[in-house]
Amino acid sequence: MGAGAAHRVGVYPGTFDPITLGHLDIIRRGAKLVDQLIIGVTTNPSKNPMFTPEERMAMVTREVAAQGIENVTVMGFNALLMKFAEKQGASVIVRGLRAVADFEYEYQMAGMNQQLNDGIETVFLMADVSLQPIASKLVKEIALFGGDITKFVTPMVRDEVVERVAQQGQLGDY
């Protein structure tokens, strides 16, 4: 950026329960678009979280550091996204898209967010084709039924999910 250019801050919000390879792809690519990318780890009780907000923040922080991405900060928040983004001085919301169903929901959210603050743009990044089917909800479901999640998360996240499933109890007959 040239002299006098503004410091561009982006926010990538999500529950990250757990953080997947798809999330890491969006973080890596989103970090290239801004000077500082804030990963906003939020609460969403309707998603039946496997990990506490503090555990998820630690997991995301560790995984981002392991990727060597230096312009990323991890913060927790429990507020309206646009209020959080305003407080951080963000001009961009980064969102990942996997499928048409994601687009419909995200399009609606972007429109609502624009009504709340038209000074903050939403940028959609398509997940890498090989990572598009990955969703935290499905990763948890596979793990809870004893399936192998190695293809969807890093080895350390896999170990944490397997350990949590062992604590909570595996589902299914096999």
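Since the model is a prediction, treat every value here as computed from it, not as a measurement.
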statement: Heavy atoms of Ala31 and Val72 approach each other most closely as CB-CG2, 4.0 Å

message: Taking ring-ring contact (aromatic ring centres under 6.0 Å, His included) as the cut-off, I'd like each qualifying pair that reaches into residues 50-69, sequence neighbours left out, listed once.
response: none

query: With a 4.5 Å limit on heavy-atom distance, are the side chains of Glu104 and Gln108 in contact?
result: no

field: Listed once per pair and sorted, the salt bridge (Lys or Arg N to Asp or Glu O under 4.0 Å) pairs that draw on residues 133-153, sequence neighbours left out
entry: Asp17-Lys140

query: Roughly how far, to the nearest 0.5 Å, is CG of Leu33 from CG of Leu125?
result: 6.0 Å

task: Any side-chain hydrogen bond (donor to acceptor under 3.5 Å, both in side chains) involving residues 124-133? Give me the pairs, sequence neighbours left out, ordered by first then second residue.
output: Asp128-Ser130

query: ring-ring contact (aromatic ring centres under 6.0 Å, His included): which pairs involve residues 62-84, sequence neighbours left out?
result: Phe77-Phe84

query: Does Thr52 have any side-chain contact (heavy atoms from CB on, under 4.5 Å) partners at least two apart in sequence or in another chain, and if so, which?
result: Glu54, Glu55

- request: Output all residues satisfying ring pair (Phe, Tyr, Trp, His ring centres under 6.0 Å) with Tyr105, sequence neighbours left out; order by chain, then residue number.
  value: none

- prompt: Mind checking whether Ile142 and Ile19 sit in one hydrophobic cluster, side chains of I, L, V, M, F, W, Y counted as touching below 4.5 Å?
  reply: yes

statement: Nearest heavy-atom contact between Val74 and Met57 is CG1-O, 3.9 Å

query: Can you tell if the side chain of Arg8 reaches within under 4.5 Å of the side chain of Val92, non-hydrogen atoms only?
result: yes

- request: Determine, using the 4.5 Å side-chain heavy-atom cutoff (strictly less than), whether Val9 and Val60 are members of one ILVMFWY cluster.
  value: no

message: Quick check against the 3.5 Å criterion: does Arg98 have a side-chain atom that pairs as donor or acceptor with the backbone of Gly22?
response: no

task: Evaluate whether atom CD of Gln167 has more than 12 neighbouring non-hydrogen atoms of other residues, nucleotides or ligands under 6.0 angstrom away.
output: yes

- prompt: Closest heavy-atom contact between Arg95 and Glu106?
  reply: NH2-OE2, 2.6 Å

query: Under a 4.0 Å N-O cut-off, is there an ion pair linking Glu160 with Arg62?
result: yes

query: Is the closest side-chain heavy-atom distance between Met50 and Leu144 below 4.5 Å?
result: yes

message: I'd like to check the ring pair (Phe, Tyr, Trp, His ring centres under 6.0 Å) partners of Phe103; sequence neighbours left out, ordered by chain and number.
response: Tyr107

message: For a 4.5 angstrom cut-off between non-hydrogen side-chain atoms, does Ile93 reach Ile120?
response: yes

Partner residues of Glu121 under the salt bridge (charged side-chain N to carboxylate O under 4.0 Å, His left out) criterion, sequence neighbours left out: none

task: Would you check if Phe152 and Thr20 make a side-chain contact, meaning some heavy-atom pair closer than 4.5 Å?
output: no

pair Val139-Val153: side-chain heavy atoms closer than 4.5 Å: yes

field: Hphob cluster co-occupancy, Phe145 + Val157, side-chain heavy atoms under 4.5 angstrom
entry: yes

message: Distance check, rounded to the nearest 0.5 Å: Met82 atom CE versus Thr122 atom OG1?
response: 6.0 Å

- prompt: Do Ile134 and Met156 share a hydrophobic cluster (ILVMFWY, side-chain heavy atoms under 4.5 Å, transitive)?
  reply: no

task: Would you check if Val94 and Val11 make a side-chain contact, meaning some heavy-atom pair closer than 4.5 Å?
output: no

- request: May I have all residue pairs that pass salt bridge (Lys or Arg N to Asp or Glu O under 4.0 Å) and include part of residues 76-91, sequence neighbours excluded?
  value: none

message: Taking salt bridge (charged side-chain N to carboxylate O under 4.0 Å, His left out) as the definition, give me every residue that meets it alongside Arg28, ordered by chain and number, with sequence neighbours left out.
response: Asp25

- prompt: Who are the ring pair (Phe, Tyr, Trp, His ring centres under 6.0 Å) partners of Tyr12, not counting sequence neighbours?
  reply: Phe16

task: Can you measure from CD1 (Ile69) to CG (Leu24) and round to the nearest 0.5 angstrom?
output: 7.0 Å

query: Between CG of Leu116 and CG of Leu81, what distance do you get to the nearest 0.5 Å?
result: 9.0 Å

message: Do Val123 and Ile27 sit in one hydrophobic cluster, given that two such residues count as connected whenever their side-chain heavy atoms are within less than 4.5 Å of each other, even indirectly?
response: yes

- request: Check whether any side-chain heavy atom of His23 lies under 4.5 Å from a side-chain heavy atom of Ser136, and answer yes or no.
  value: yes

- prompt: Which residue pairs pass the side-chain hydrogen bond (donor to acceptor under 3.5 Å, both in side chains) test when at least one of the two sits in residues 64-77, sequence neighbours left out?
  reply: Gln36-Thr73

message: How long is the straight-line distance from CG of Asp35 back to NE2 of His7, given to the nearest 0.5 Å?
response: 5.0 Å

- line: In short, Pro18 meets Val161 closest at the heavy-atom pair CG-CG2, 3.8 Å

Gap between atom CG of Leu21 and atom OG1 of Thr150 - 0.5 Å precision: 10.0 Å

